[in-house]
Student: 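Pasting a structure here, questions to come.
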Amino acid sequence: MKLLFIIIFTITTAIESLKAQPESIWQLLQDGSIIRWAYTDGDEFNGPSLNESVWSYHYPWQYSDCSEFYTNGNNYEFSYNNTIESETIKLISKEETIQGHKLTYCPDGSSDIDNCLIDGIPNLRWYNYTSGMIFSKRQFKYGLFEIRFKLPIGKGLVPAFWLLGINPDEEFDIFEYKGETPNKIHIDTHCPNGCNNYPGFIWPIDFGGWVTATGNFSDGFNTMMGEWEPDACFWYLNGQDFAIWLGNFNYQAHLIANVAVGAAGPCAFSPPFVDSSTPFPAVFEIDYIRVWSRLDCENDINISNYNQSEISPTTITGKNINISNFSISQDQTLHVIGTETITLGDGTSFNGDVEVKTVECPEPTKNPSFSKNNDSLRIISTNEKAVNISHSTTIANKENLPLLYVKIYPNPSDGKITIEFIGKIDCEVKIELIDFTGKVIFLSDCISSKSIDIDISQFSKGVYILKGTFNNNSITDRIILK
């Protein structure tokens, strides 16, 4: 009974946490097939303070080698106003003088604030700048990592959104940015032995570089997604796929958003350094961060004698999942997502951060909130090191590139459902909502807008079917009206 209670509690917690964000993404590929992504983690930053069970506001180790490149601060705040989805977190860079031992934590993990050590020496240094960051306590391996953000402008400011592997020098940089070039972002991968030597990497010789957008990232909110697969990483800006790296990161990673202040070198992207023209305080504002996992809708999965290691995926999905002789230690994270059933056998204990839930898969029949602020930027050019890809590109087994993402939320609903579209929209897209008798109670086709709101408050509480048709293919999801 104890185990059953734990599972029910976990599932209930997961449902409650999904009220504020999409639970599903439908991903339409070039060949017309549809992939379902399920929400597994993230933060809408709707609360009054940082959720410190999920995030740290500093690195769990020593300071950066860059003497004035100080990113381990706790400068963040939440903002609220009356606009839709206005809750954000602000990572703030400040020009202020502070001594290491007067900070609210010790980078070496000790509790003696007055004698924080770096390499065995008390940290008595004075710093001229502080800045904000969030560092995920959970670790991830594979998924779709999404952020909606607005960046500061100013010389020497370097915000970033990235994954840092447990294996040293392993990074998936979804974006890096310099405040003095507000229309550019930098994408990259870092590998312990050089990313060019990783299995499966064939082109280009040296990946990574700056890409130019149609406008400035400081002018409004935009959405970036980084997709981490076993054999490739993809980059998307507002639904536009613009780069691919073929290779494999083999270790779990922490998710990080931070602002660095370049005031001395040698540091990444410095010079130029901050100067009298740099506006302080400077703000890296984040609306939300969401992590999605690709669903396996076909295969039955048996998990037995499972021991998670640093190279284990952090999400397991399958049609019917059977678990036995399974344990997770206190410092480990795992999401188990079944599309039909999850069966717990003998010898199963969850001591770590575990989520177990079932979700529906798309049913093929043969087949985002981006109206607010500025979500229209697109990449228009890259330097010689960054990879341009188009929907006609065929590289390895990645010929079916995404054409469209469709988000559905909230689910369960109190009376309104929002459908958001990211990417290519045309008259071949149709959305239907069907009641339990099979009657179509909502229909929208030849869709041209980026967002549709469906009011179902006048209908009876219960389960409804949301159906999306894309050319000759279709997929469905259950919608719960509370």
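This one's a predicted model, so the numbers in the text were calculated from it and none came from an experiment. Below, all heavy atoms of this structure are taken into account, side chains as well, without hydrogens, waters or symmetry copies. We're numbering straight along the sequence, starting at 1.
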Student: With the side chain counted from C-beta on, respond yes when R138 and H335 share a heavy-atom pair under 4.5 Å apart, and no when they do not.
Tutor: no
Student: Check whether any side-chain heavy atom of F442 sits under 4.5 Å from a side-chain heavy atom of I452, and report yes or no.
Tutor: yes
Student: Measure the spacing between CD of E87 and CG of D287 and express it to the nearest 0.5 Å.
Tutor: 8.0 Å
Student: Should Q139 and T333 count as side-chain neighbours, where that means a heavy-atom distance under 4.5 Å?
Tutor: no
Student: Give the C-alpha distance, both sets of side-chain angles, the deciding distance and a yes or no for side-chain contact (heavy atoms from CB on, under 4.5 Å) between F280 and S93.
Tutor: CA-CA 7 Å; F280 287 103; S93 301; 4.1 Å; yes
Student: Find out whether I256 and F161 are in side-chain contact, i.e. whether some heavy atom of one side chain is under 4.5 Å from a heavy atom of the other.
Tutor: no
Student: Keeping the roles fixed (side chain from W235, backbone from D173), state whether a donor-acceptor pair exists under 3.5 Å.
Tutor: yes
Student: Looking at F149 versus F175, is the centre-to-centre ring distance below 6.0 Å?
Tutor: yes
Student: Treating Y39 as the side-chain partner and D41 as the backbone partner, does any N or O pair qualify as donor plus acceptor under 3.5 Å?
Tutor: yes
Student: Would you confirm whether Y236, through its side chain, and T223, through its main-chain N or O, come within 3.5 Å as a donor-acceptor pair?
Tutor: no
Student: Keeping E180 on the side-chain end and G156 on the backbone end, is there a donor-acceptor pair under 3.5 Å?
Tutor: yes
Student: Do K137 and S53 have side-chain heavy atoms sitting under 4.5 Å apart?
Tutor: no
Student: Using side-chain heavy atoms (C-beta onward) and a distance below 4.5 Å, is K178 in contact with H186?
Tutor: no
Student: The test is side-chain contact (heavy atoms from CB on, under 4.5 Å); show your working for W228 and I174 and say whether it passes.
Tutor: CA-CA 10 Å; W228 177 13; I174 298 173; over 6 Å; no
Student: Given side chains that start at C-beta, do those of I417 and Y464 come closer than 4.5 Å, heavy atoms only?
Tutor: no
Student: Looking at the rings of F145 and F140, which for Trp means the six-membered one, are their centres under 6.0 Å apart?
Tutor: yes
Student: Can you find a pair of side-chain heavy atoms, one from K155 and one from V274, that are under 4.5 Å apart?
Tutor: no
Student: So, N216 side chain and S218 main chain: donor-acceptor pair closer than 3.5 Å or not?
Tutor: no
Student: Keeping the roles fixed (side chain from N250, backbone from I311), state whether a donor-acceptor pair exists under 3.5 Å.
Tutor: no
Student: Is the side chain of T278 donor-acceptor paired with the backbone N or O of G154 at a distance under 3.5 Å, no angle test?
Tutor: no
Student: Could you walk me through whether L377 and F217 pass side-chain contact (heavy atoms from CB on, under 4.5 Å), step by step?
Tutor: CA-CA 8 Å; L377 295 191; F217 290 90; 4.0 Å; yes
Student: Within this structure, what is the OG1-CG distance for the pair T469 and D445, rounded to the nearest 0.5 Å?
Tutor: 9.5 Å
Student: Are a donor atom and an acceptor atom from the side chains of W162 and E176 found within less than 3.5 Å of each other?
Tutor: no
Student: Would you confirm whether S444, through its side chain, and I431, through its main-chain N or O, come within 3.5 Å as a donor-acceptor pair?
Tutor: no
Student: Between T317 and I337, is there a donor-acceptor pair closer than 3.5 Å when you use the side chain of the first and the backbone of the second?
Tutor: no
